[in-house]
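Nothing here was measured: the structure is a model prediction, and the numbers come from that model. Side-chain atoms are counted along with the backbone in the values below, which use heavy atoms only and exclude waters and symmetry mates.
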Amino acid sequence: MPAKTILVTGASGFIGCHCVLDLLNHGYRVRGSVRDPGRTGALEKTLITHGADTRQLDWVAASLTEPDGWPAAVDGCDAIFHVASPVPTIQPKNPDDVIEPARQGTLNVLQAAAAQGIERVVLTSSVAAILGGLSENRVYTGEDWSDPNDPSMIPYATSKTVAERCAWDFCQSKGISLSTIHPALVLGPTLETDYGSSLEALVKLLRREVPLLPRFGFNIIDVRDVASLHRIALEHPDAIGQRLIAANGFVWFREIAALLTNAYPDRKVPLREMPNWLTKFSSLFIRELGTILKDLDIAAQLDNSPAKKLGWQPRTPQEAVLSGAKSLIDLGIV
């Protein structure tokens, strides 16, 4: 029986590239969609370096906002990992700049899938579609939904919620079996120097661009485990209809800094915390801080037990932090 062919959208991104690698290393054929075909040669070399057989890989150029490219992209595929979505480092002033490409891009991919008779889709959502605007000190599950009308939601969180809602509605109407994966902060090793936005927190710490640490933290997951959960969800019938949380523990920012200090003492990573009043004041001048004000001193917990019941075994947050840092250093990014 020939290997199944999986379309991975956003295949050049941090998560998408790891999904391609994981699928190839588990015997699948992969078609990767990219916006810039000029990057595929370098991507293939990177994948080969990490043990992938790229003879089982082909590429297609497609953009989220251009529906015409997707029929050819999905043609001949057995299932889709829809990973591609805008992930801004700084939130746009106009929320529709990120919401609309996420929503319409998801519909463009799913409409092409339905037209080709594809019956299985795994979509990369986010814990931002679960935690909502104002997170609390409690345990969140896949039953929790963010409210896109909540004024405290940042545009990225709204975009992931709106796009996921559209996906569930569309797939239900067309008889497509859907699973959604909800990563927390994705760390772990980057495969190339274009690391996207996920590793930005480590980059800023290792470059000492954060002289004082805000009193907030992250639920963390390793990118390799995000990729493996996509594949496990594809392979496991019990994953159909589930919203699976990809997270494996909460870590305070100060604890991440301490891990990096212990591993790389010569880097002199900042360790002092910033009082909340100063964080709020500083947010007037540093836009990134504005997105975390609602999470100061909040340690929301995420229930990953449904994913573990499928056989998923994620790495520790500490390993995700340290392997991410090592890759940044090895690639000369920091």
Side-chain angles (χ1 to χ4, degrees), residues 5-26 28-77 79-90 92 97-98 101-102 104-106 108-109 112 122-124 126 156 159 163 181 183 186-200 202-203 222-224 226-228 230-231 323-324 326-334:
T5 300
I6 313 300
L7 171 67
V8 179
T9 72
S12 62
F14 183 42
I15 294 175
C17 197
H18 273 278
C19 284
V20 171
L21 178 62
D22 180 79
L23 286 167
L24 290 173
N25 286 342
H26 284 84
Y28 288 87
R29 289 192 55 83
V30 179
R31 178 173 300 152
S33 85
V34 292
R35 281 181 300 173
D36 178 10
R39 291 191 59 197
T40 58
L43 287 168
E44 283 202 27
K45 288 180 181 178
T46 297
L47 291 165
I48 290 168
T49 300
H50 289 84
D53 180 0
T54 56
R55 292 173 299 178
Q56 301 297 308
L57 170 67
D58 66 281
W59 303 97
V60 62
S63 170
L64 285 178
T65 54
E66 297 172 11
D68 293 349
W70 292 107
V74 305
D75 185 31
C77 293
I80 296 172
F81 286 5
H82 181 41
V83 184
S85 192
V87 186
T89 303
I90 298 176
D97 288 349
V98 64
Q104 191 57 52
T106 296
N108 288 341
V109 173
V122 180
L123 178 140
T124 314
S126 168
Y156 170 72
S159 78
I181 309 298
V186 184
L187 301 180
T190 180
L191 300 179
E192 52 169 355
T193 54
D194 183 8
Y195 60 88
S197 59
S198 292
L199 294 173
E200 195 62 33
L202 299 185
V203 170
D222 192 292
V223 65
R224 294 165 290 186
V226 178
S228 70
H230 280 71
R231 174 180 47 79
S323 61
K326 184 177 186 301
S327 71
L328 292 169
I329 292 168
D330 288 348
L331 289 169
I333 297 168
V334 295

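- Minimum heavy-atom separation, Asp194 to Thr190: O-OG1, 4.4 Å.
- Between the Thr9 side chain and the Val83 main chain, a donor and an acceptor come within less than 3.5 Å of each other.
- The neighbour count for Arg35 CZ, taken as heavy atoms of other residues, nucleotides or ligands under 6.0 Å away, does not exceed 12.
- A donor-acceptor pair shorter than 3.5 Å can be found between the side chains of His230 and Thr124.
- With values rounded to the nearest 0.5 angstrom, Leu64 atom CG is found 6.0 Å from Trp70 atom CH2.
- Between Ala11 and Gly32, the closest heavy-atom pair is CB-CA, 3.6 Å.
- Heavy-atom minimum distance, Gly324 versus Ser327: O-OG, 2.8 Å.
- Going from atom CD1 of Ile333 over to atom CG of Leu199 covers 7.5 Å, rounded to the nearest 0.5 Å.
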Inset, instruction - Please report the C-alpha distance between Phe81 and Leu123 in whole Å, then the side-chain angles of each, then the deciding distance to 0.1 Å, and finally whether the side-chain contact (heavy atoms from CB on, under 4.5 Å) criterion is met. - result: CA-CA 6 Å; Phe81 286 5; Leu123 178 140; over 6 Å; no
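- Using a distance-only test at 3.5 Å, with no hydrogens or angles considered, a donor-acceptor pair links the side chain of His50 to the main chain of Thr46.
- For the pair Arg55/Asp53, a side-chain contact is recorded, criterion being any heavy-atom separation below 4.5 Å from C-beta on.
- Atoms CG and CG, from Leu47 and Leu24 in turn, are 6.5 Å apart once rounded to the nearest 0.5 Å.
- Scanning all heavy atoms of the two residues, the minimum distance from Ala163 to Thr106 falls at CB-OG1, 3.7 Å.
- Note that OH of Tyr28 is 7.0 Å distant from CZ of Arg231, once rounded to the nearest 0.5 Å.
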Legend entry - Verdict with reasoning, Ile80 to Val122, per side-chain contact (heavy atoms from CB on, under 4.5 Å): CA-CA 6 Å; Ile80 296 172; Val122 180; over 6 Å; no
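- Val30 pairs in a side chain to side chain contact (heavy atoms under 4.5 Å, CB included) with only one of the listed residues (Thr54, Leu21, Leu23, Thr5), which is Leu23.
- Inspection of the Ser323 and Arg224 side chains reveals an N or O donor paired with an N or O acceptor under 3.5 Å.
- Checked by atom type and distance alone, the side chain of Arg31 pairs as donor or acceptor with a backbone atom of Asp75 at under 3.5 Å.
- Considering all non-hydrogen atoms of both residues, Phe14 and Pro189 come closest at CE1-O, 3.4 Å.
- For the pair Leu57/Glu44, a side-chain contact is recorded, criterion being any heavy-atom separation below 4.5 Å from C-beta on.
- Of the possible donor and acceptor atoms, none in the side chain of His82 sits under 3.5 Å from a partner among the backbone N and O of Gly10.
- Contact annotation: the side chain of Ser33 never approaches that of Trp59 to less than 4.5 Å [non-hydrogen atoms, C-beta and beyond].
- Interatomic distance, CG of Asp36 versus OG of Ser63, reported as 11.5 Å (0.5 Å rounding).
- In this structure, the side chain of Ser198 does not engage the main chain of Leu187 through any donor-acceptor pair within 3.5 Å.
- Scanning for salt bridge (charged side-chain N to carboxylate O under 4.0 Å, His left out) contacts around Lys45 gives an empty result, with sequence neighbours left out.
- Once rounded to the nearest 0.5 Å, the distance linking CG of Leu43 with CD1 of Ile48 reads 11.0 Å.
- Shortest non-hydrogen contact noted between Pro183 and Val226 is CG-CG1, 3.9 Å.
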